[in-house]
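Nothing fancy with the numbering, it's 1 onward along the sequence.
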Amino acid sequence: MAVLRLLRRIEPWEFYISYDPKELCKETCLLYEIKWGMSWKIWRSSGKNTTNHVEINFIEKFTSERHFHSSVSCSITWFLSWSPCWGCSQAIREFLSQHPGVTLVIYVSRLFQHMDQQNRQGLRDLVNSGVTIQIMRASEYYHCWRNFVNYPPGEEAQWPRHPPLWLMLYALELHCIILGLPPCLKISRRQQNRLIFFRLHLQNCHYQMIPRHILLATGLIQPSVTWR
């Protein structure tokens, strides 16, 4: 698989801070890959917020630089440090409706203001429009480190390994959002915003609706044992 273009690799410290699930930084970072039709080449680049959110910047740049027939397929993968807000979700849906040959997969390291009902609805609307949204796992962190980060020679294996529990908690909350359930993950700051606390508040509807394998992965339920 060849890389067609990569303007600039981000520095390791940028990747650590931007994509650390426990660091609630204000800046949003986007790493993305574009693949056209049946081509084996991948176009890679990155972006950040300006006066617009980074999702809007991507859409404006993509539509201004490329003019392609609607029959041409294009697959786009985003690695976002924050999930899209409601406004960006609506803009993404409009962009995809105007370009039916485009498919979009979004990996996020955190959920942006996930208690806000409009943001939750925006993510549901994206999923209902055919967009795949997932929380970044260890494999995605490794992929981004290898392909987007300007790591020093010999430090290919020094990619950040975040505690799986943090990733699982965000994945659990994303399931709640997609299923239209009440929030189960609460995040708070203490001691002048230096400490971040994750707290789960599960209701009966969560246990009833969230897939069993997700609950098992977080340790919220124990596997059943059948005695013979």
Under 3.5 Å donor-acceptor, [X] side chain and [Y] backbone:
X    : Y    : answer
N150 : I10  : no
S64  : K61  : yes
Q90  : G122 : no
H114 : L185 : yes
N119 : C85  : no
R44  : I42  : no
H99  : F95  : yes

Determine the minimum heavy-atom distance between A91 and I59, stating which atoms define it.
O-CD1, 3.8 Å
To the nearest 0.5 Å, how far apart are [atom1] in [X] and [atom2] in [Y]?
X    : Y    : atom1 : atom2 : result
C88  : F112 : SG    : CZ    : 8.5 Å
S89  : I106 : OG    : CD1   : 7.5 Å
C74  : I34  : SG    : CD1   : 6.0 Å
S129 : R124 : OG    : CZ    : 12.5 Å
I178 : M209 : CD1   : CE    : 12.5 Å
L174 : M168 : CG    : CE    : 15.0 Å

Can you confirm whether [X] sits close enough to [Y] that some side-chain heavy atom of one is under 4.5 Å from a side-chain heavy atom of the other?
X    : Y    : result
P183 : C176 : no
W166 : P163 : yes
L31  : F15  : yes
L167 : P21  : yes
Y16  : D20  : no
E27  : I17  : no

Let me have the donor-acceptor pairs involving side chains of residues 130-140, under 3.5 Å, with sequence neighbours excluded, atom names and distances please.
| residue | atom | partner | partner atom | Å |
| --- | --- | --- | --- | --- |
| R137 | NE | E140 | OE1 | 2.9 |
| R137 | NH2 | E140 | OE2 | 2.8 |
| E140 | OE1 | R137 | N | 2.8 |

Worked check of side chain to side chain contact (heavy atoms under 4.5 Å, CB included) between C184 and H206
CA-CA 8 Å; C184 71; H206 295 123; 3.8 Å; yes
Stepwise side chain to side chain contact (heavy atoms under 4.5 Å, CB included) check, T103 with L96
CA-CA 8 Å; T103 58; L96 293 175; over 6 Å; no
Indicate the ring-plane relationship of H162 and Y141, choosing parallel, tilted or perpendicular according to the 30° and 60° boundaries.
perpendicular
Angle between ring planes, F58 versus F62, binned at 30° and 60°: parallel, tilted or perpendicular?
parallel
In terms of hydrophobic clusters joined by side-chain contacts under 4.5 Å, are M115 and V108 together?
no
Should I56 and L30 be regarded as members of a common hydrophobic cluster, given that ILVMFWY residues are connected when their side-chain heavy atoms come within less than 4.5 Å of each other, either directly or indirectly?
no
Might you work through the side chain to side chain contact (heavy atoms under 4.5 Å, CB included) test for I76 and V105, ending with a clear yes or no?
CA-CA 6 Å; I76 301 173; V105 175; over 6 Å; no
Any pair with a residue in residues 195-209 that passes salt bridge (Lys or Arg N to Asp or Glu O under 4.0 Å), sequence neighbours left out, goes on the list, sorted by first then second residue, please.
none
Residue pairs involving residues 92-111 (criterion salt bridge (Lys or Arg N to Asp or Glu O under 4.0 Å); sequence neighbours excluded)
R93-D125
Under the rule for salt bridge (Lys or Arg N to Asp or Glu O under 4.0 Å), what residues qualify as partners of R120, not counting sequence neighbours?
E173
Sorted by chain and number, sequence neighbours left out, salt bridge (Lys or Arg N to Asp or Glu O under 4.0 Å) with K48 holds for E14
Residue pairs fulfilling side-chain hydrogen bond (donor to acceptor under 3.5 Å, both in side chains) with at least one residue in residues 74-88, sequence neighbours excluded:
none
Could you walk me through whether Y151 and R146 pass the side chain to side chain contact (heavy atoms under 4.5 Å, CB included) test, one step at a time?
CA-CA 8 Å; Y151 57 84; R146 283 287 309 276; 3.9 Å; yes
Under 3.5 Å side-chain donor-acceptor pair for N57 and H53
no
Criterion ring pair (Phe, Tyr, Trp, His ring centres under 6.0 Å) against Y107, the qualifying member of F79, Y19, Y32
F79
